[in-house]
Amino acid sequence: MNKRNRESNNFKSFKGLTPRVRFAPSPTGYLHVGNARTALFNWLFARQKKGASILRVEDTDVERSQDKYEKKLREDLQWLGLAWDEGPESGGEYGPYRQSSRLDIYKKYTQKLLKNKRAYYCFCSKEELEKERETALAAGKMPIYSGKCRTIPPDKARERIKTGEEAAVRLKTPGKGTLEFNDLIRGELSFKLNLFGDPILVRPNGLPAYNYAVVIDDHLMHISHVIRGEDHIANTVRQILTYRALDFPIPQFAHLSMVMGEDNTRLSKRHGATAVDQFNKDGILPSSLFNYLALLGWSPPEGKEVLTRDEIIELFDIKKVSRSAAIFDYEKLSWLNRQHIKKLSPREKAEMAAPHLHKAGLLPDEMSESLWKWLEEAVDALIERVNKFADFPAAFSMLFDFAIDKMGAEEKEILQTECGRKVTLALEERLLDEAEFSYDVLSRISGDIKTETGCKGKDLFHPIRVALTGKVSGLALDKFILLVESGAGLDFPTPLKNCSARVSEIIKKIYGF
RNA sequence: GCUCCUGUCGUCUAGCCUGGCCCAGGACACCGCCCUUUCACGGCGGCGACACGGGUUCAAAUCCCGUCGGGAGCGCCA
């Protein structure tokens, strides 16, 4: 960040009004973290400034747009906690909010532009244009439309259309001079207009092109701040030219940097989980993703990074957003997720973990209240060892998997030592005398075992741990014993073995009697 | 190829506009120690960066010039 001037332009028409921002995705696929961040920054800006947020669906690409994607998009946004003041579902006074329902509106303005000679019909075929492009590229120039249809007189053009010829509508651009605009994030930006050809406003099929529909919609929806990805910087030039031709006031722009994958290329499926939906399925809390996405390119003034939605709304500052691309770091998201998980109540944690455990076949279809109680304790005990809720089935193997055949070498070795043998056998014997087993009982009998076997310290407790859990590491024994003993009486699809059953099994399988 | 954007620890960033408080601060990750009769959690500490080269200046991460790297755009896709 340097000397760039980030003073706001304060366009007359928006001065004093509350800001209005929009998120305008096209329903052609799942919501990606990159897009989600754009949505988030728009939403934060609106919330903080007490402005309005608008969701607009850009579905003019008939080939690729699908209703199911729009629905999924809205679900994902809602899951993230981004509710829009106006949109296809919520309505609003500047609708409709789907571009496919606004075709008549665009037509009206096209007629105006044609009449004012700010736009013209273009009869060039795709093939012709492609050839032009290739020649330009081969000559090392930027491929720009020659503008040859500009000179066709309007009445001639209308005649040709009447005879059934297909025509696009293009905007007449200056083709010289420079255009400057102030970007909220990047400062003053300047472009040479001879590098911009006349953009297509309307395709021959009558549908508006992106750059055209956006301008009309943003104006009609009274958008004051256009916050979007960096990939739109060049489009902004075309759009400002269109604003001018239409005599619309120009909004403020802010271009966000891209979100990259680990290899510093644009994020895609190749990089693993990048769809918002996937984080939901993985058991990442929406508040964690929200928090992480906000931190991607923005940092809170005090340096406190684990933040709630409300804190972020309060602290966020679009002018403090970084201008360089950021790499999506799953590790940090995981850490944030752990921080957010910690704030949940035991019941909330259990409820988040339950679907994953059920899916893994560890919980029955019907959950009794005693099962819920047990689950709360189990989840609470294991929560520190988990990044996301989808990790719970693996964490629960500590409790449910007591497979001696699959026991590790280190564990077997411990059981085969002299102390290992003596301690395990002594433990079984004592266990037979106890009606109920608990950590208190263990504390008591471990003293007896110590005297009896002469094994102490590591030699004593290591075998006990392995004999009980089947593992060298894991939960503290007090928690473990409590969960296993209380869970043994509960109705799990895979029964939970109690401590004495475990020790007996070890003795049978490892020592052979 | 051309145009635009961008470049501080491995990663996200603070600092840059208004040069000295910066032999660069925080967070994640990593490593070590402590806690714990295990592992994890937690606590403490460590490693680690101003892309490079010139210039201006008493003084440069900060200002200027150049080089190099990364990204994006160049559609009748959004």
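Order of the sequence lines sets the chain letters (A, B, ...), proteins ahead of strands, with each chain counted from 1. As a basis for the values below, the full set of heavy atoms in this structure was taken, side chains included, without hydrogen atoms, waters or symmetry mates.
Rounded to a whole angstrom, the distance from the P atom of B/rG7 to that of B/rG46 is 30 Å. Only the P atoms considered, B/rC58 is 23 Å distant from B/rC22, to the nearest whole Å. B/rU13 sits 9 Å from B/rU8 when the C1' atoms are compared, rounded to a whole Å. Going from the C1' atom of B/rC17 to that of B/rU3 covers 26 Å, rounded to whole Å. Distance noted for atom C1' between B/rA49 and B/rA61: 10 Å (whole Å). For the C1' atoms, the distance linking B/rC28 with B/rA51 amounts to 23 Å, nearest Å. On the P atoms, B/rC2 is 32 Å away from B/rG10, given to the nearest whole Å. Comparing B/rG32 with B/rG69, their C1' atoms are spaced 35 Å from each other, to the whole Å.
Base pairing annotation: B/rC77 forms no Watson-Crick or G-U wobble pair, as no partner gives both donor-acceptor distances under 3.5 Å. When both distances must be under 3.5 Å, the Watson-Crick or G-U wobble mate of B/rA72 is B/rU3. Using Watson-Crick or G-U wobble geometry with both donor-acceptor distances under 3.5 Å, B/rU57 finds no partner in any strand shown. Both distances falling under 3.5 Å, in either a Watson-Crick or a G-U wobble arrangement, place B/rC28 opposite B/rG10. With a 3.5 Å ceiling on both atom-pair distances, B/rA49 lacks any Watson-Crick or G-U wobble partner. Under the Watson-Crick and G-U wobble criteria, each requiring two contacts below 3.5 Å, nucleotide B/rC33 is paired to B/rG43.
Distance check for A/Cys122 and A/Cys149: the SG atoms are not under the 2.5 Å cut-off.
Using a 4.0 Å heavy-atom distance criterion, A/Ser257 is classed as making no nucleic acid contact. Note on A/Ala213: nothing from the nucleic acid sits closer than 4.0 angstrom, heavy atoms only. Heavy atoms of A/Ser125 sit under 4.0 angstrom from at least one base atom. A/Tyr292 comes within contact range of no nucleotide atom at all, as no heavy-atom separation falls under 4.0 Å. Counting non-hydrogen atoms under 4.0 angstrom, A/Cys122 reaches nothing in the nucleic acid. Counting any heavy atom pair closer than 4.0 Å across all strands shown, A/Gly197 reaches no nucleic acid atom. Looking at heavy-atom distances under 4.0 Å, A/Leu137 makes contact with a base.
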Where do N or O atoms of nucleotides 67-71 of chain B meet protein N or O atoms at under 3.5 Å, pair by pair?
from: B/rG70; atom 1: O2'; to: A/Asn264; atom 2: ND2; distance (Å): 2.6

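One interatomic measurement links the two molecules: CD of A/Glu70 to C1' of B/rA78, which rounds to 15 Å at whole-angstrom precision. Between A/Tyr439 atom OH and B/rU37 atom C1' the separation is 8 Å, expressed in whole Å. Atom CG of A/Asp317 and atom P of B/rG15 are 11 Å apart (whole Å). In this structure, A/Asp183 places its CG atom 14 Å from C1' of B/rA72, rounding to the nearest Å. One atom, CG of A/Leu336, and another, C1' of B/rU11, lie 13 Å apart when rounded to the nearest Å. Distance, A/Glu180 CD to B/rC5 P: 11 Å, rounded to whole Å. Here the C1' atom of nucleotide B/rC17 and the CD1 atom of A/Ile185 are 17 Å apart, to the nearest Å. At whole-Å resolution of the value, CD in A/Gln239 and C1' in B/rA78 are 11 Å apart.
A salt bridge links A/Arg56 with A/Glu58: the closest approach of a Lys/Arg side-chain nitrogen to an acidic carboxylate oxygen falls below 4.0 angstrom. Salt-bridge annotation for A/Arg74 and A/Glu70: present, with a side-chain N of the basic residue lying under 4.0 Å from a carboxylate O of the acidic one. With salt bridges taken as basic N to acidic carboxylate O contacts below 4.0 Å, none links A/Asp448 and A/Arg444.
The nearest pair of heavy atoms linking A/Ser288 to A/His340 is OG-CB, 3.4 Å.
For A/Ala234, counting side-chain heavy atoms from C-beta on, the closest listed nucleotide (B/rG73, B/rC41, B/rC76) is B/rG73. Taking every side-chain heavy atom of A/Arg203 into account, B/rA78 is the closest of B/rU38, B/rA27, B/rA78. In the set B/rG1, B/rC28, B/rC77, the nucleotide with an atom closest to the side chain of A/Met142 is B/rG1. Each of B/rC74, B/rC4, B/rA78 was ranked by its minimum atom distance to the side chain of A/Arg133; first place goes to B/rC74. Considering only the side chain of A/His232, B/rA78 comes nearest among B/rG1, B/rG42, B/rA78. In this structure, of B/rC12, B/rC76, B/rA29, it is B/rC12 that holds the atom nearest to the side chain of A/Leu296. If you check B/rA78, B/rU38, B/rC41 against the side chain of A/Lys342, the one that comes closest is B/rC41. You'll find that the side chain of A/Ala326 is closest to B/rU13, out of B/rU13, B/rA78, B/rC41. Listed nucleotides B/rU38, B/rC28, B/rC76 differ in distance to A/Glu331; the shortest reach to its side chain belongs to B/rC28. For A/Trp335, whose side chain is taken as the heavy atoms from C-beta onward, the closest listed nucleotide among B/rA27, B/rG73, B/rU6 is B/rA27.
Within the cation-pi definition used here (under 6.0 Å to the ring centroid, within 45° of the axis), A/Arg37 qualifies as a partner of A/Phe41. Remark: A/Arg158 is not positioned above the aromatic ring of A/Tyr121, lacking an NZ or CZ atom under 6.0 angstrom from the ring centre and at most 45 degrees off the axis. Annotation: cation-pi pair A/Arg238/A/Phe196 absent, no NZ/CZ under 6.0 Å from the ring centroid and within 45° of its normal.
Two residues, A/Lys332 and A/Asp329, neighbour RNA chain B, and the one matched to the more 5' nucleotide by heavy-atom proximity is A/Asp329. Annotation: of the two residues near RNA chain B, A/Leu333 and A/Arg465, the 5′-most nearest-nucleotide partner is A/Leu333.
Between A/Ser299 and the phosphate of B/rC12, there is no side-chain N or O to OP1/OP2 separation shorter than 4.0 Å. In terms of phosphate contacts, A/Arg323 brings a side-chain nitrogen or oxygen within less than 4.0 Å of OP1 or OP2 of B/rU6. Applying the 4.0 Å criterion to OP1 and OP2 of B/rA40, one finds that A/Lys479 has every side-chain N and O outside that range.
Between the side chain of A/Asn235 and the base of B/rA78 there is at least one donor-acceptor pair of N/O atoms closer than 3.5 Å.
Counting heavy-atom neighbours within 6.0 Å of A/Lys131 NZ, excluding the residue itself, gives a total of 12 or less.
A donor-acceptor pair under 3.5 Å links the side-chain atoms of A/Asn337 to the main chain of A/Asn387, judged by distance alone. A distance-only check finds no donor-acceptor pair linking the side chain of A/Glu376 to the backbone of A/Ala350 [under 3.5 Å].
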Starting from the C-alpha separation in whole Å, work towards a yes-or-no answer on salt bridge (charged side-chain N to carboxylate O under 4.0 Å, His left out) for A/Glu418 and A/Lys422.
CA-CA 6 Å; A/Glu418 202 191 328; A/Lys422 284 202 279 193; 3.5 Å; yes
